[in-house]
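Worksheet: one structure, shown below.
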Protein chains: 2
Amino acid sequence: MSESNVHELLVRNPLFAGLPQTALDEVLLTSKLRMIPAKTVLYHQGDTPNELIALGKGIVKVWQMRNGGAIATIHVLGPGDLVGDIAVFRHVPLPATATAITDCILLSWAAARTHELIERYPTIGANALGYVSRRSEELAQRLCEMATERVEQRIARALLRLADQIGLAAPEGVEIGYPLSRQDIAEIVGTDLYVVSRVLHDWAERGVIVTGRLRVVLCDRQRIEQIATDGK
Amino acid sequence: MSESNVHELLVRNPLFAGLPQTALDEVLLTSKLRMIPAKTVLYHQGDTPNELIALGKGIVKVWQMRNGGAIATIHVLGPGDLVGDIAVFRHVPLPATATAITDCILLSWAAARTHELIERYPTIGANALGYVSRRSEELAQRLCEMATERVEQRIARALLRLADQIGLAAPEGVEIGYPLSRQDIAEIVGTDLYVVSRVLHDWAERGVIVTGRLRVVLCDRQRIEQIATDGK
DNA sequence: CGATTGATTGATTGAATTCAACGTTCGTGG
DNA sequence: CCACGAACGTTGAATTCAATCAATCAATCG
């Protein structure tokens, strides 16, 4: 990957918005670039956070293995997102495991370097605050949904979020841009693959979505939004 | 309230840790102090955030009224916590409503002033980043619990969190330090008051807690922790 | 072409919600 | 000071939604 492309990734990252060129250069100099194949584990739950990672390309899943063996997916991250940010900012062990879903391009900075950069360039700190705040609000929103809504409704919301975040234009509508199984969806909304299978099958019959192996395409977005908000 | 007591509230707030005296003085000068009675609404969901509030004393509940009329409690905040922080930092409308549960003492800064302070004193920005990160991690944790655990388990976790945060020493054990109904607990863990009633009654019979009208005292913390983690 | 992974579908079970009724505590105003 | 209403709490029964179990089918990949 060429120097200019790396630079491209950098300026696109919300963390570095509004930075002067000199600062960007310094940020770039202290960064580490790497590419990893799908299924690579970026870090494990409990690890000490030694770097802040900015996702340049690809999809990363952040998840927890729970006591009874169940898995809960906390985040599905795409290009521009930060990985391990909370733990780096808090100086505490990583609360979850991060796995690459697709091949990824990562930019990273050592934890100590991250704090130095924030100190030297308050703009980065302000951007980080905005970014963490945005994710925090999303978590609060999902918590409320989990507390008050039925499974079908939560599946609708999950698919809408994924579509907005990493959706691709497809002939039939908007396609989720990575291989997504029933199990994956179940781990996002807090249910099991059987319920997801039944719901998707039902929607497919009614023409709301098109679905195949590891694939979901939203056709009738209106309808899905209605299910997400009304639950009907 | 005397000048020195206000100063006391300020230095205790995690947002202003590590600030030099001159900075603290400026922060103090631009702050507004007010006391509000229980049941006061600090702001409504959808309002424009015009101030950052630091809770000096009292309990504030942050909640959302959901579509079907159900209520979801997002946060129960105590002394030292920030209220409306996310919306101020993000420059977006307040995503939830904040209500004083007890009489409260508040310190606040106009939103614009808040941003100025962060800009002038990067330490405040760093503290804010740490604070928001901590809350974000707690939300992620609760999301996972909501996705994978049973109601009884979630009630146990909720009570443990409340005890740690605003618990008071009582003869029988640790008492939740504000009037807490079955309905309140239900809105925190995402269930209804009937289930909560049955669970608490069961625990009381087994001597794990003592409970009365608007009152919960944790007696056997070990046991509750076991229920929280094992679910058994 | 077998083996593996993902998806479907029916049957069963169980947890939690909902509905209904009643008991208790507390505050307030007659 | 008592009576009453309002808010809180309990409890049983019925119902529903979702989790679990089991079996089969389909697609993908070495």
Side-chain angles (χ1 to χ4, degrees), chain A residues 37-39 61 66-72 99 101 145-159 176 178-206 209-217 227 230-232, chain B residues 37-39 66-72 99 101 145-156 158-159 176 178-206 209-217 227 230-232:
Chain A
K39 292 178 189 165
K61 185 157 81 172
R66 309 284 305 167
N67 240 339
I71 288 173
T99 310
I101 299 300
E145 291 162 11
M146 199 72 92
T148 61
E149 294 174 359
R150 306 211 164 290
V151 169
E152 184 178 23
Q153 213 168 338
R154 304 204 304 266
I155 294 175
R157 292 197 188 271
L159 291 183
I176 307 301
Y178 74 96
L180 183 72
S181 71
R182 311 294 187 250
Q183 176 69 29
D184 292 331
I185 298 174
E187 288 169 7
I188 293 172
V189 303
T191 182
D192 58 54
L193 71 165
Y194 309 106
V195 175
V196 174
S197 177
R198 284 179 235 266
V199 169
L200 292 193
H201 191 255
D202 181 42
W203 290 355
E205 262 185 350
R206 293 193 279 144
I209 61 172
V210 165
T211 163
R213 191 185 169 87
L214 300 176
R215 181 165 175 272
V216 179
V217 186
I227 294 170
D230 298 8
K232 283 278 357 173
Chain B
K39 291 177 188 165
R66 310 284 305 167
N67 241 339
I71 288 172
T99 310
I101 299 299
E145 293 162 10
M146 199 74 91
T148 60
E149 294 175 358
R150 306 208 166 290
V151 169
E152 184 178 22
Q153 213 168 339
R154 304 204 305 267
I155 294 175
L159 290 182
I176 308 300
Y178 75 98
L180 183 73
S181 70
R182 311 294 188 251
Q183 176 68 29
D184 291 330
I185 297 174
E187 288 169 8
I188 293 172
V189 303
T191 182
D192 58 53
L193 72 166
Y194 308 107
V195 176
V196 175
S197 177
R198 284 180 235 265
V199 170
L200 293 193
H201 191 255
D202 180 42
W203 290 356
E205 262 183 350
R206 292 193 279 145
I209 61 172
V210 166
T211 164
R213 191 186 169 86
L214 299 175
R215 181 163 175 272
V216 179
V217 187
I227 294 171
D230 298 7
K232 284 274 359 170

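These numbers come from a predicted model, not from an experiment. Computed over heavy atoms, backbone and side chain alike; hydrogens, waters and symmetry mates excluded. Naming convention: chains lettered A, B, ... in sequence-line order (proteins, then strands); numbering from 1 in each chain.
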**Complete:** At a 4.0 Å cut-off to heavy atoms of chain A, the contacted part of DNA chain D spans D:dC17 to D:dT28

Which part of the nucleic acid, if any, lies within contact of [X], taking any heavy atom under 4.0 Å across all strands shown: a base, the sugar-phosphate backbone alone, or nothing?
X: A:Leu200; result: nothing
X: B:Val195; result: base
X: A:Arg150; result: sugar-phosphate

**Message:** Tell me whether A:Arg154 contacts the main-chain N or O of A:Val189 through its side chain, where contact means a donor paired with an acceptor under 3.5 Å.
**Reply:** yes

**Request:** Determine yes or no for a side-chain-to-main-chain donor-acceptor pair under 3.5 angstrom, with B:Asp192 supplying the side chain and B:Val195 the backbone.
**Result:** yes

**Request:** Just do the side-chain contact (heavy atoms from CB on, under 4.5 Å) check on B:Val196 and B:Gln183 with the steps written out, would you?
**Result:** CA-CA 8 Å; B:Val196 175; B:Gln183 176 68 29; over 6 Å; no

**For B:Met146 against B:Ile188, the heavy-atom pair lying closest together** = CE-O, 4.2 Å

**Request:** Specify the closest pair of heavy atoms between B:Asn67 and A:Asp230, including all atoms of both residues, with the distance to one decimal.
**Result:** ND2-N, 4.3 Å

**Message:** With hydrogens left out and only the distance checked, is there a donor-acceptor pair under 3.5 Å joining A:Arg215's side chain and the base of C:dG6?
**Reply:** no

In whole angstroms, how far is the [atom2] atom of [N] from the [atom1] atom of [X]?
X: A:Asp202; N: C:dT9; atom1: CG; atom2: P; result: 11 Å
X: A:His201; N: C:dA7; atom1: NE2; atom2: P; result: 13 Å
X: A:Trp203; N: C:dA7; atom1: CH2; atom2: P; result: 15 Å

**Asked** Which is it for A:His201 and A:Thr211 under the side-chain contact (heavy atoms from CB on, under 4.5 Å) test, yes or no, and what are the steps along the way?
**Response** CA-CA 8 Å; A:His201 191 255; A:Thr211 163; over 6 Å; no

Extract from the structure each pairing of a protein N or O with an N or O of nucleotides 24-28 of chain C at less than 3.5 Å, listing the distance.
from   : atom 1 : to       : atom 2 : distance (Å)
C:dT25 : O2     : B:Arg213 : NH1    : 3.4

**Request:** Could you grab the distance from atom NZ of A:Lys61 to atom NZ of A:Lys39, nearest 0.5 Å is fine?
**Result:** 11.0 Å

**Request:** Step by step, work out the side-chain contact (heavy atoms from CB on, under 4.5 Å) result for A:Leu159 and A:Trp203.
**Result:** CA-CA 12 Å; A:Leu159 291 183; A:Trp203 290 355; 3.8 Å; yes

**Request:** Look at the side-chain N and O atoms of A:Ser197 and state whether any lies under 4.0 Å from the OP1 or OP2 oxygen of C:dT8.
**Result:** yes

**Prompt:** Between the two end axes of the helix from C:dC1-D:dG30 to C:dG30-D:dC1, each built from 5 base pairs, what angle do you get to the nearest 10°?
**Reply:** 30°

**Message:** One pair to check against salt bridge (charged side-chain N to carboxylate O under 4.0 Å, His left out): A:Asp202 and A:Arg198. What are the steps and the verdict?
**Reply:** CA-CA 6 Å; A:Asp202 181 42; A:Arg198 284 179 235 266; over 6 Å; no

**Item:** Flag side-chain contact, heavy atom, 4.5 Å: A:Leu200 against A:Ile185
**Value:** yes

**Request:** Check step by step if side-chain contact (heavy atoms from CB on, under 4.5 Å) holds for B:Leu180 and B:Ile101.
**Result:** CA-CA 10 Å; B:Leu180 183 73; B:Ile101 299 299; over 6 Å; no

